[in-house]
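Scope of the values below: all heavy atoms of this structure, side chains included, with no hydrogens, waters or symmetry mates. Numbering of ligands and ligand atoms starts at 1, following listing order.
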Amino acid sequence: MKDILTAPFVQEVCKITGNMYRLGWDERNGGNLSCLLDEKEVGAYLDTSQTLRTFPMAFDAGALAGKIFIVTGTGKYFRNIPDNPAENLGIIRVAADGRSVGLLWGYEGGGAPTSELPAHFRSHIVRLEKDPGHRVVMHCHATNVVAMTFIHPLDERAFTRTLWQMCTECLVVFPDGVGVLPWMLCGNDEIGVATAEKMREYRLVVWGQHGIFGAGKNIDEAFGLIETVEKAAEIYLKICRSPILQSITDEELQILAKAFQVTPKEGFLTAK
Ligand code: 2HA
Ligand code: ZN
């Protein structure tokens, strides 16, 4: 068996969570991440038949039965993950009945998976239906995105249009737009259900006055979506109190979509 701490999937999570902390998006225990792993790849590092502990789940994750994920721990700090992955991360497998997860590695010292596991697992289920290559769900408290949810209408079309108008790249990076939920209590299955419902249409879901979720085929993709929205939100906050002399018009956004061969979310741009 190879040393699990040298596994690319552990090192990649360490690297990204450390970066997200340094970006200021994951203060204290803010944020969580889960990544679907390949069983064969994990098998080079761990005996995947060996369950160390079991965590019950309050929802049915049967659609993910047998699947293995690396998941950040509840109450753990992104800041501490790179120096101590074994305490702050866990590798878990969903039980055959979808009602519990078994621990294969990590959460040393009595830890458990993130409190947002319902939002993660329910989002994985929905995104895998859309795209078999889907792997990653990531949540953080991206500062400017959270700030924007205080002063911008939370209507998805309006929110997405504003973001698209802030930087030329935005429409190309997230042509599907951004789903938005109003403030809700977090850490439970209700917000998990609501988030996954949005994930049917969007790979990005903003939680009003809280943060953002991103989903993708890999960590780069999920992170890239979030950092692009965060950049656009930052520009919005810099300019929103100033007279606007010029912006990107819907016609220009249509030209952009055509040039980059992306399909903007239907109805989000005014028809030509
Ligand atoms: O894991 O960010 O939404 C802490 C949180 C809860
Ligand atoms: Zn959060």
Side-chain angles (χ1 to χ4, degrees), residues 13-14 16-36 55-59 61 69-92 101 103 106-127 136-150 154 159 178-199 202-216 219 222-223 225-227 229-230 233:
V13 172
C14 288
I16 197 70
T17 49
N19 280 334
M20 290 169 84
Y21 167 69
R22 281 186 292 276
L23 285 162
W25 303 347
D26 296 279
E27 72 291 341
R28 203 173 180 274
N29 62 319
N32 28 76
L33 181 152
S34 62
C35 177
L36 175 57
F55 307 100
M57 290 194 304
F59 62 99
F69 293 85
I70 186 164
V71 182
T72 53
T74 183
K76 301 301 183 189
Y77 296 16
F78 272 27
R79 177 167 66 82
N80 294 333
I81 292 175
D83 285 340
N84 193 352
E87 188 180 315
N88 297 292
L89 300 175
I91 295 179
I92 57 178
V101 292
L103 180 65
Y107 302 144
E108 281 179 1
T114 172
S115 58
E116 304 296 357
L117 199 63
H120 281 253
F121 275 3
R122 288 188 180 280
S123 295
H124 281 297
I125 291 169
V126 165
R127 292 310 313 171
V136 175
V137 172
M138 199 183 269
H139 165 64
C140 67
H141 302 163
T143 315
N144 294 288
V145 176
V146 177
M148 186 170 162
T149 66
F150 286 81
L154 297 183
F159 205 90
V178 172
V180 185
L181 289 175
W183 186 91
M184 290 175 73
L185 184 62
C186 57
N188 58 34
D189 194 38
E190 194 186 342
I191 200 166
V193 169
T195 304
E197 209 41 59
K198 295 293 179 193
M199 285 276 180
Y202 305 101
R203 289 176 301 158
L204 285 156
V205 181
V206 169
W207 283 2
Q209 298 80 51
H210 183 140
I212 185 166
F213 269 76
I219 284 176
F223 179 79
L225 285 167
I226 291 174
E227 68 175 339
V229 171
E230 169 64 6

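- Distances between N or O atoms of Gly31 and those of ligand 1 include at least one value under 3.5 Å.
- A ring-centre distance under 6.0 Å is not found for Tyr77 and Tyr21.
- Every atom of ligand 1 with a heavy atom of His139 under 4.0 Å away is listed here by number and element: 2 (O), 3 (O).
- Nearest to atom 6 (C) of ligand 1 among the protein's heavy atoms is Glu116 OE2, 3.1 Å.
- Side-chain contact check for His120 versus Val71: every heavy-atom pair is 4.5 Å or farther apart.
- With a 4.5 Å cut-off on side-chain heavy atoms, Trp25 and Glu227 count as touching.
- Ligand 1 places these atoms under 4.0 Å from at least one heavy atom of His141: 2 (O), 5 (C).
- Within a 6.0 Å sphere centred on CD of Glu190, heavy atoms belonging to other residues, nucleotides or ligands number 12 at most.
- For atom 4 (C) of ligand 1, the nearest protein heavy atom (residue, atom name, distance) is Asn29 O, 3.1 Å.
- Distances from ligand 1 to the non-hydrogen atoms of Gly30 include at least one value under 4.0 Å.
- Counting only heavy atoms from C-beta outward, the side chains of Phe121 and Phe69 approach each other to under 4.5 Å.
- Within the 4.5 Å cutoff, side-chain heavy atoms of Leu89 are placed close to those of Thr72.
- Counting only heavy atoms of the protein, atom 1 (O) of ligand 1 lies nearest to Asn32 ND2, 2.8 Å.
- Here Cys186 does not reach the Zn ion (ligand 2): none of its N/O/S atoms is less than 2.8 Å from the metal.
- Note on ring orientation: taking the six-membered ring where Trp is involved, the planes of Phe213 and Trp207 are tilted (angle from 30° to 60°).
- For His139, the N, O or S atom closest to the Zn ion (ligand 2) goes by the atom name NE2.
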